[in-house]
Amino acid sequence: MRDIVNAVVSGEAGREDFAALAVPGTYRAITLHKSETGLFSGLATRDKDPRESVHLDEVPVPELGPGEALVAVMASSVNYNTVWSSLFEPLPTFGFLERYATRSPLARRHDLPYHVIGSDLAGVVLRTGPGVNAWHPGDEVVAHCLSVELESSDGHDDTMLDPEQRIWGYETNFGGLAEIALVKSNQLMPKPRHLTWEEAASPGLVASTAYRQLVSRNGAGMKQGDNVLIWGAGGGLGSYATQFALAGGANPICVVSSDQKADICRKMGAEAVIDRTAEDYRFWKDEHHQDPREWKRFGKRIRELTGGEDVDIVFEHPGRETFGASVYVTRKGGTIVTCASTSGYNHEYDNRYLWMSLKKIVGSHFANYREAWEANRLISKAKIHPTLSKVYALEETGQALYEVHRNRHHGKVGILALAPREGLGVRDHELRAEHLDAINRFRTPALAHA
Ligand code: NAP
């Protein structure tokens, strides 16, 4: 592994040098163990501790199949899907691996007693399988997390509609929180050359998701001037949705839960910010009943910030706790676009406010290759910036997951895999220098822990 790291860090090794490097037989990886899926039974979600369920193991390098690539992972990042997998919620991920294994002899590789998790990476291609022509050993890459088979016609209009669509490192094995990862070559994209490894690894999943959800015709199809209500605007998805809104000439109304996160949104350029804790919205009177007066109070506050207008788009992901309010505050004909249900997936809303006002609820999930590519292209052109707040070593992944589970983070949390330290991997120093102020402004400090 040391030769690989030296070759990458030197920045001088070429294609032939990488092709000549031996791929080790084993690598270090963050894993979940199939034997431990009952670890947290009986505990409330909040009390489940990812530090107990994730392991750092030495595992064999998987066999490389057609259309695939082995990548030396320099850095990865924490996504909420990894929090879910580490809590074995809503289901242990081993069921996904077992089901995938029934598809083909090659897919059987994924069904193991351990699951290497993680859905982001920045690194260097080590080997490519038969049929891969677009990528070569030595290519510096990031990987998006859409794994598709495309043997059915269904996925050929929008690859997210492939019946065999899976999220790599969540519904497949050999993910990115590791020193080596196995991906399909059509997950690869060029690494933004002005970013460090850990910066480049951090936007992938959330930026692509936010791009589809907010900007793409497959999502809300945001246009100039739209008022966009963004829940969790200081979090992973929200910090990119805020940037896409600003870069696309829309008007983000950012919702956050602290002063510090409100400041962070303002530093990104947002003017309208709602601190949901300070303003103490209580959309639920009790576990079963919502309070429409609180929806109204929230809507009134939005109008104060927009000069009397309602929102064209709600960027939804908290789910049960906020969905009733989201449907209520959307303008007539507007769109609530949802990709998640962090606080519960049985949503309740008053349907009169939907049908009478001709609103739409749109479901959105990750992104197709083209959408991920477009999000990455904007990052490569320094029009969208990584919102990395804190970086952990691979062996500290459990702690990193714990912080995200407890909502004690801001933006994205990075993980160093093979990169020996932060700050390495910048190839285009000129572009970085040109945008250094913005890069530093978006790389906000980690939240002080309570
Ligand atoms: P994150 O970094 O934790 O950010 C989410 C933010 O939402 C939090 O920082 C919090 O911000 C806010 N929030 C959480 N619970 C809330 C509640 N009950 N009411 C209002 N706001 C709340 O997570 P993320 O990466 O943005 O992901 C968010 C969700 O989307 C997760 O459930 C994740 O699994 C899902 N997701 C889905 C996809 C997909 O493709 N379908 C992709 C990415 C993520 P404040 O406390 O500051 O308000």
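We count ligands from 1, going down the list as the structure has it; atoms in each ligand are counted the same way.
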K.L.:
Side chain or backbone, does His365 bring an N or O within less than 3.5 Å of an N or O on ligand 1?
P.N.:
yes

K.L.:
Looking only at protein heavy atoms, which one is nearest to atom 31 (C) of ligand 1, and how far off is it?
P.N.:
Thr342 OG1, 3.4 Å

K.L.:
Can you classify the ring geometry of Tyr353 versus Trp295 as parallel (below 30°), tilted (30 to 60°) or perpendicular (above 60°)?
P.N.:
perpendicular

K.L.:
Any heavy atom of His409 sitting closer than 4.0 Å to ligand 1?
P.N.:
yes

K.L.:
Could an N or O of ligand 1 be found under 3.5 Å from any N or O of Thr322, whether backbone or side chain?
P.N.:
no

K.L.:
Between Arg301 and Asp275 (salt bridge meaning N to carboxylate O under 4.0 Å), is one present in this structure?
P.N.:
no

K.L.:
Is it the side chain, the backbone, both or neither of Leu205 that has a heavy atom closer than 4.0 Å to ligand 1?
P.N.:
side chain

K.L.:
Any N/O of Gly236 closer than 3.5 Å to an N/O of ligand 1?
P.N.:
yes

K.L.:
Taking atom CD of Glu271 as the centre, does the number of heavy atoms from other residues, nucleotides or ligands within less than 6.0 Å exceed 12?
P.N.:
no

K.L.:
Answer yes when Lys184 and Glu68 have at least one side-chain N-carboxylate O distance shorter than 4.0 Å, and no when they do not.
P.N.:
no

K.L.:
Does a salt bridge link Arg408 with Glu403, judged by any charged N lying under 4.0 Å from a carboxylate O?
P.N.:
yes

K.L.:
What residue and atom, counting heavy atoms only, is the protein's closest point to atom 30 (O) of ligand 1, and at what distance?
P.N.:
Ala340 CB, 3.2 Å

K.L.:
Indicate yes or no: does an N/O atom of Val255 lie under 3.5 Å from an N/O atom of ligand 1?
P.N.:
no

K.L.:
If you measure every N/O of Trp231 against every N/O of ligand 1, is any gap under 3.5 Å?
P.N.:
no

K.L.:
Side chains of Lys412 and Thr387: donor-acceptor distance under 3.5 Å anywhere?
P.N.:
no

K.L.:
Any idea which protein heavy atom is nearest atom 34 (O) of ligand 1, and the distance to it?
P.N.:
Trp84 NE1, 3.0 Å

K.L.:
For the 3.5 Å polar cut-off, considering only N or O atoms, please tell me whether Asn81 and ligand 1 meet it.
P.N.:
no

K.L.:
Any side-chain heavy atom of Asp162 within less than 4.5 Å of one from Asp154?
P.N.:
no

K.L.:
So among Trp84, Phe366, Phe94, Phe96, which one has a ring pair (Phe, Tyr, Trp, His ring centres under 6.0 Å) with Tyr170?
P.N.:
Phe96

K.L.:
At the 4.0 Å heavy-atom cut-off, does Val206 count as touching ligand 1?
P.N.:
yes

K.L.:
Given that the side chain starts at C-beta and the backbone is N, CA, C, O, which of these parts of Glu321 lies under 4.0 Å from ligand 1, counting heavy atoms, or is it both or neither?
P.N.:
side chain

K.L.:
Students should be able to answer this: which protein heavy-atom is nearest to atom 38 (C) of ligand 1, and at what distance?
P.N.:
Thr209 CG2, 3.8 Å

K.L.:
For Arg377, I'd like to know if atom CZ has over 12 heavy atoms of other residues, nucleotides or ligands within 6.0 Å.
P.N.:
no

K.L.:
Considering residues, nucleotides and ligands other than Arg103, do more than 12 of their heavy atoms fall under 6.0 Å from its CZ?
P.N.:
yes

K.L.:
Pairs of nitrogen or oxygen atoms closer than 3.5 Å, one from Pro318 and one from ligand 1: do any exist?
P.N.:
no

K.L.:
Where is the nearest protein heavy atom to atom 46 (O) of ligand 1: which residue, which atom, and how far?
P.N.:
Ser257 OG, 2.6 Å

K.L.:
Under 4.0 Å from any heavy atom of Val256, which atoms of ligand 1 are there?
P.N.:
47 (O), 48 (O)

K.L.:
Counting heavy atoms only, which part of Ile167 comes closer than 4.0 Å to ligand 1: side chain, backbone, both or neither?
P.N.:
neither

K.L.:
Mind checking whether Cys339 contacts ligand 1 via backbone (N, CA, C, O), side chain (CB onward), both or neither, at a 4.0 Å heavy-atom cut-off?
P.N.:
both

K.L.:
So is there a nitrogen or oxygen of Tyr80 less than 3.5 Å from a nitrogen or oxygen in ligand 1?
P.N.:
no

K.L.:
Tyr211 and Tyr240: aromatic ring centres closer than 6.0 Å?
P.N.:
no

K.L.:
I need the nearest protein heavy-atom contact for atom 12 (C) of ligand 1: residue, atom name and distance, please.
P.N.:
Gly232 CA, 3.6 Å

K.L.:
Taking atom types as modelled, find out whether His144 and Ser208 have a side-chain donor-acceptor pair closer than 3.5 angstrom.
P.N.:
no

K.L.:
What protein heavy atom sits nearest atom 48 (O) of ligand 1, and how far off is it?
P.N.:
Arg276 NE, 2.7 Å

K.L.:
Atom 28 (C) of ligand 1: which protein heavy atom is closest, and how many Å away?
P.N.:
His317 ND1, 3.6 Å

K.L.:
Are Glu371 and Arg217 close enough for a salt bridge, meaning some N to O gap below 4.0 Å?
P.N.:
no

K.L.:
Taking the basic N atoms (NZ, or NE/NH1/NH2) and the acidic carboxylate oxygens, is any pair closer than 4.0 Å for Asp111 and Arg108?
P.N.:
no

